[in-house]
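This report refers to the structure that appears directly beneath it.
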Amino acid sequence: MLIILLLLRMNFSDELVQWYIQNKRDLPWRNTNNAYIIWLSEIILQQTRVEQGMPYFNRFVEKYPDVGSFAAAHEDDILKLWQGLGYYSRGRNMLKTARLVNELYHGKFPEQYNQLIKLKGIGEYTAAAISSFSANEAKAVVDGNVYRVIARYFGIDEPINSTKGKKIFQQMADELLNHDQPGLHNQAMMEFGAMLCKPKNPACGICPVRTGCFAFINNAITTLPVKLNKLKVRDRYLNYFLIVDGDKLLMNKRDEKDVWANMYDLPLIETSFLMSETDLLNLPQLSDHFGQHIKILEISPIYKHILTHQRLHVRFINIQVKNVNLEQNWFYTDVESLQKLAMPKIIFIFIKNFFNL
DNA sequence: AAGTCGGGGGC
DNA sequence: GCCCCAGACTT
């Protein structure tokens, strides 16, 4: 019985690897075993589609061809290059890791799972990916694709985002791993999930392993994998003030907490509910910052900006003021330097249009 | 164990 | 709208 199970599993891996070799996409990070380059690609691709991450990967490789050059960068430069990709802590953690690697390993990016897992921004998935792709270490990756492929093929209905579920899927992935070619096996599992065993409308018609697939046989494609979802979305109302003084604009550097940590936006008054323009302009905070003589030049419509846990209602209010009480993180910048600051997408778009950049 | 962190694409 | 994307970190 055990032997039959073993054979079945070996066949599964072999089938996927064969399918992979014939159908894989030609992606730039697949043509190297340079752990640094693979690290770059893996961090960029966390929770990010390949098409979205690709241009960022190319720009990062170009600008920072090795760990040393990355380690020497300023956080502002990393965040600027990361602008628009989201989950900015990835960029900030990369800088910490690059600097540590540069010191600890003298610029040679580690390839062993046990070394990688200790680094900031590298979890189980990424450590397994880097070690198996760069050095063929026998560690099985479990990403969103792998969860889906295993859940469907073996009919596992344990939620993939429960603690118990994660353990089960990791264990199954470990057992499935082809120890002769871990890197190839891992790539195959993920590519198969991404290209064929897709979340919606998987291509079961051309699937090489459908005859052994639980979900295909039992018509459970749409119900597997199972995921617990209790996503709470919060509404936030962001009122940004555009204050132009000659050729300079008043900017704010955000703090370490909250979204968009360490990035740049504008002076902000946040409310937890939709406030009318007149009520907003009567807020004491406004006169505290800008005095009594405030002239409204222009008010933008309210833009809805969707984040994972937040619905942002954003508007921009262009005002003319006599004097400004500078907050801790406020500063003036000219339009030239403006382009070097890493800004959240919605801020960047607005400013870009406003100044015709 | 639950909450937080972006932005975009497919349906 | 809702779900998902080569997840990790903090509380």
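Quick note on labels: first sequence line is chain A, next is B, and so on, each numbered from 1.
If you measure from atom CG of A/Asp143 to atom P of C/dA6, you get 7 Å, rounded to the nearest angstrom. Here C/dA8 presents its C1' atom at 15 Å from CG of A/Leu45, a figure rounded to the nearest Å. Atom CE in A/Met54 sits about 12 Å away from atom P in C/dA6, given to the nearest Å. Rounded to whole angstrom, the span from the CE atom of A/Met343 across to the P atom of B/dG7 amounts to 13 Å. Atom CZ of A/Arg148 and atom P of B/dG10 are 15 Å apart (whole Å). The interatomic distance linking A/Arg49 (CZ) with B/dG9 (P) rounds to 6 Å, in whole Å. The CG atom of A/Leu238 sits 13 Å away from the P atom of B/dG6 (whole-angstrom rounding). Between the CG atom of A/Leu312 and the P atom of B/dT4 there is a distance of 13 Å, given to the nearest Å.
With hydrogens and angles left out, the side-chain atoms of A/Tyr264 and A/Asp76 include a donor and acceptor closer than 3.5 Å.
Base engagement by A/Gln187 is indicated by at least one non-hydrogen atom pair under 4.0 Å involving a base atom. Heavy atoms of A/Asp258 sit under 4.0 angstrom from primed sugar atoms or phosphate atoms, though from no base atom. Contact annotation for A/Arg311: no contact, since no heavy-atom pair falls under 4.0 Å across all strands.
Where A/Gly121 and A/Arg25 each meet DNA chain C at their nearest nucleotide, the meeting point lying more 5' is that of A/Arg25. Heavy-atom nearest nucleotides on DNA chain B were determined for A/Leu307 and for A/Leu228, and the one closer to the 5' end corresponds to A/Leu228. Checking A/Lys164 against A/Gln310, the closest nucleotide of DNA chain B that is more toward the 5' end is the one next to A/Lys164.
Base-pairing analysis of DNA chain B finds the following stems of at least three consecutive Watson-Crick or G-U pairs, with both pairing distances under 3.5 Å: B:1-5 with C:7-11, B:7-11 with C:1-5.
In the set C/dC4, B/dG8, C/dA6, C/dC4 carries the atom at the smallest distance from any side-chain atom of A/Lys227. Of the candidate nucleotides C/dA8, B/dG7, C/dA6, C/dA8 has the atom nearest to the side chain of A/Gln46. Closest approach to the A/His309 side chain among B/dG7, B/dT4, C/dA6 is made by B/dT4 (side chain taken as heavy atoms from C-beta onward). Proximity note for A/Leu27 (side chain, C-beta onward) versus B/dG3, C/dA6, B/dA1: the nearest is C/dA6. Nearest to the side-chain atoms of A/Pro199 among the listed nucleotides B/dG6, C/dC4, B/dC11 stands C/dC4.
Shown here is A/Glu277, whose CD atom has no more than 12 heavy atoms of other residues, nucleotides or ligands within 6.0 Å.
Between A/Phe60 and A/Trp82, a ring centre-to-centre spacing shorter than 6.0 Å is recorded. In summary, the aromatic rings of A/Phe316 and A/Tyr240 are positioned with their centroids under 6.0 Å apart.
Side-chain N or O atoms of A/Arg90 include one that pairs as donor or acceptor with a backbone N or O of A/Gln46 at under 3.5 Å. With hydrogens and angles ignored, the 3.5 Å screen pairs no side-chain donor or acceptor of A/Asn93 with any backbone N or O of A/Lys120. The main-chain N or O of A/Val259 is found under 3.5 Å from a side-chain atom of A/Arg254 such that the two form a donor-acceptor pair. Within the 3.5 Å criterion, the main-chain N or O of A/Val141 finds a donor-acceptor partner in the side chain of A/Asn186. Put simply, the side chain of A/Lys80 gets close to the backbone of A/Gln339: a donor and an acceptor are under 3.5 Å apart.
Listed by residue number, the members of residues 75-98 of chain A with any heavy atom below 4.0 angstrom from DNA chain B are A/Gly84, A/Leu85, A/Gly86, A/Tyr87, A/Tyr88, A/Arg90.
A close approach under 4.0 Å does not occur between any side-chain nitrogen or oxygen of A/Lys257 and OP1 or OP2 of B/dT4. Neither OP1 nor OP2 of B/dG6 sits under 4.0 Å from any side-chain N or O of A/Gln47. Dashed line: the shortest gap from a side-chain N or O of A/His305 to OP1 or OP2 of B/dG7 is under 4.0 Å. Of the side-chain N and O atoms in A/Thr126, one or more sit less than 4.0 angstrom from OP1 or OP2 of C/dA8. Taking 4.0 angstrom as the limit, A/Lys200 places none of its side-chain polar atoms (N or O) nearer than this to OP1 or OP2 of C/dC4. Between A/Trp260 and B/dT4, a side-chain N or O to OP1/OP2 separation shorter than 4.0 Å is absent.
Taking atom P in both B/dT4 and C/dA6, the straight-line distance is 25 Å, to the nearest Å. Taking atom P on both B/dG9 and C/dA8, the two are 24 Å apart, rounded to the nearest angstrom. Comparing B/dG8 with C/dC9, their C1' atoms are spaced 23 Å from each other, to the whole Å.
Evaluation of atom-type donor-acceptor distances gives a pair under 3.5 Å for the side chain of A/Gln52 against the base of B/dG7.
Atom CD1 of A/Ile317 and atom CD of A/Glu298 lie 11.0 Å apart (nearest 0.5 Å). In this structure, CG on A/Leu79 lies 13.0 Å from NE2 on A/His74, to the nearest 0.5 angstrom.
Residue A/Ile217 belongs to no hydrophobic cluster, having no ILVMFWY side-chain heavy atom closer than 4.5 Å to its own.
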